[in-house]
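Okay, structure first, notes after.
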Number of protein chains: 2
Amino acid sequence: MSHRAAPEHTHPDDVPLLTALSALADPVRIQILRELAGSQEWTRTCGSFDVDVRKAALSHHFAVLRGAGVVEQKDEGARRFNRLRGEEFGTRFPGLLELVLRGD
Amino acid sequence: MSHRAAPEHTHPDDVPLLTALSALADPVRIQILRELAGSQEWTRTCGSFDVDVRKAALSHHFAVLRGAGVVEQKDEGARRFNRLRGEEFGTRFPGLLELVLRGD
DNA sequence: CGAAGTGTATGACCGTGATCGAACACCTGG
DNA sequence: CCAGGTGTTCGATCACGGTCATACACTTCG
């Protein structure tokens, strides 16, 4: 057996406002969130995003989004699936995620 | 005559989302906005904020806030007075400023 | 078992932005 | 007119964050 180490999550309630704003103030992460919002939950793996960075940077961005409590991840075999924490994050920071998803 | 050059303002409607988020993702600027929100409009000069940076940095922060359309400035003699653009900014980015002002 | 696929960790590089000191411009009050 | 106050600009410095290449860990499939 011996799974891979489960990803560390931070609950939105424990996320400082500054951390949330910093996490969302990045074009790559905004794009990830929008793509994620346009898909069914738990259907998108980390590598499935149409983003213009290599996988090391991509992995970093997901760690930031996790640390901001806006994304949840679940390992399934070799792949890591994602979902938006829309409900909980929206309770902690009302309107913020909607703002990012709405776009300009 | 010959006033000082009037500060350049950006209307919230012309502010990209990323610019707004970046502007708000800074502890000094957040503190400025909160102090400003706790005062009557047009009563606070740039130097009147209890902030832990020198005046050069302070001037920079106000320029950023102006560029994000969240603060308006008006010169009166030697001093520059400030006000929050609560209404217009709130229309462009609903809930965002409230989130910053509410705090943690 | 071995190869390919998925994601993380590490170290380095680099650009951006926050900061400061100093110099400057402008206004006001003696 | 001059001194002090207010704020900006400029140049330099410094820290932080985004990026990459590489190496590694784990899974799946042939």
Side-chain angles (χ1 to χ4, degrees), chain A residues 1-10 16 18-33 35-36 42-68 70-83, chain B residues 1-10 16 18-33 35-36 42-68 70-83:
Chain A
M1 47 160 292
S2 94
H3 291 293
R4 174 170 34 165
E8 285 181 18
H9 285 91
T10 307
L18 189 56
T19 302
L21 291 175
S22 302
L24 299 184
D26 178 281
V28 175
R29 291 194 284 268
I30 289 181
Q31 184 179 346
I32 291 175
L33 293 177
E35 270 192 55
L36 202 47
W42 301 125
T43 62
R44 304 296 302 267
T45 68
C46 292
S48 73
F49 290 81
D50 184 22
V51 153
D52 194 31
V53 292
R54 307 289 160 206
K55 53 181 188 170
L58 191 55
S59 181
H60 163 68
H61 285 301
F62 275 104
V64 172
L65 291 174
R66 242 166 37 220
V70 66
V71 156
E72 189 178 1
Q73 300 186 307
K74 186 206 319 188
D75 286 348
E76 197 131 328
R79 286 176 283 181
R80 182 161 285 189
F81 287 90
N82 301 273
R83 83 166 189 100
Chain B
M1 48 158 288
S2 93
H3 292 292
R4 175 168 34 164
E8 286 182 16
H9 285 91
T10 308
L18 189 56
T19 302
L21 291 175
S22 302
L24 299 183
D26 178 282
V28 175
R29 291 194 283 268
I30 289 181
Q31 184 179 345
I32 290 175
L33 293 177
E35 271 192 55
L36 202 47
W42 300 125
T43 63
R44 304 296 303 269
T45 67
C46 292
S48 73
F49 290 81
D50 185 21
V51 152
D52 194 33
V53 292
R54 307 291 162 204
K55 53 181 186 170
L58 191 55
S59 182
H60 163 67
H61 285 301
F62 274 104
V64 172
L65 292 173
R66 243 167 35 220
V70 67
V71 156
E72 188 178 0
Q73 299 186 307
K74 186 208 314 188
D75 286 348
E76 197 130 330
R79 286 175 283 180
R80 182 160 285 190
F81 287 90
N82 301 275
R83 83 167 190 99

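For the pair Leu21(A) CG and dG17(D) P, the interatomic distance rounds to 14 Å; values are reported in whole Å. Per the geometry, CZ belonging to Arg54(A) stands 17 Å off C1' belonging to dA23(D), to the nearest Å. Between the CZ atom of Phe49(B) and the C1' atom of dG7(D) there is a distance of 14 Å, rounded to whole Å.
A 4.5 Å side-chain heavy-atom check between Arg79(A) and Ser48(A) finds every atom pair outside the cut-off. The shortest side-chain heavy-atom distance between Arg44(B) and Phe49(B) falls under the 4.5 Å cut-off.
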Please assess Lys74(B) against Trp42(B) for the test side chain to side chain contact (heavy atoms under 4.5 Å, CB included), listing each intermediate value before the final yes or no. CA-CA 8 Å; Lys74(B) 186 208 314 188; Trp42(B) 300 125; 3.5 Å; yes
Please test Cys46(B) against Gln73(B) for side chain to side chain contact (heavy atoms under 4.5 Å, CB included), starting from the C-alpha separation and ending with a verdict. CA-CA 9 Å; Cys46(B) 292; Gln73(B) 299 186 307; 3.4 Å; yes
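Closest of all the heavy-atom pairs between Phe81(B) and Thr45(B) is CE2-CG2, 3.5 Å. Of all non-hydrogen atoms in His9(A) and Val71(A), the two that sit nearest each other are CD2-O, 3.8 Å.
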Contact letters for nucleotides 1-18 of chain C, in which S counts primed atoms plus P, OP1 and OP2 and B counts the base, heavy atoms under 4.0 Å: ----BSBBB--------S
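Separating the CG atom in Asn82(A) from the CD1 atom in Ile32(A) is a distance of 8.5 Å, to the nearest 0.5 Å.
If one axis is set at each end of the helix from dC1(C)-dG30(D) to dG30(C)-dC1(D) from five pairs, those axes are 10° apart, to 10°.
Arg29(A) places a side-chain N or O within 3.5 Å of a backbone atom of Ala23(A) that can act as its donor or acceptor partner.
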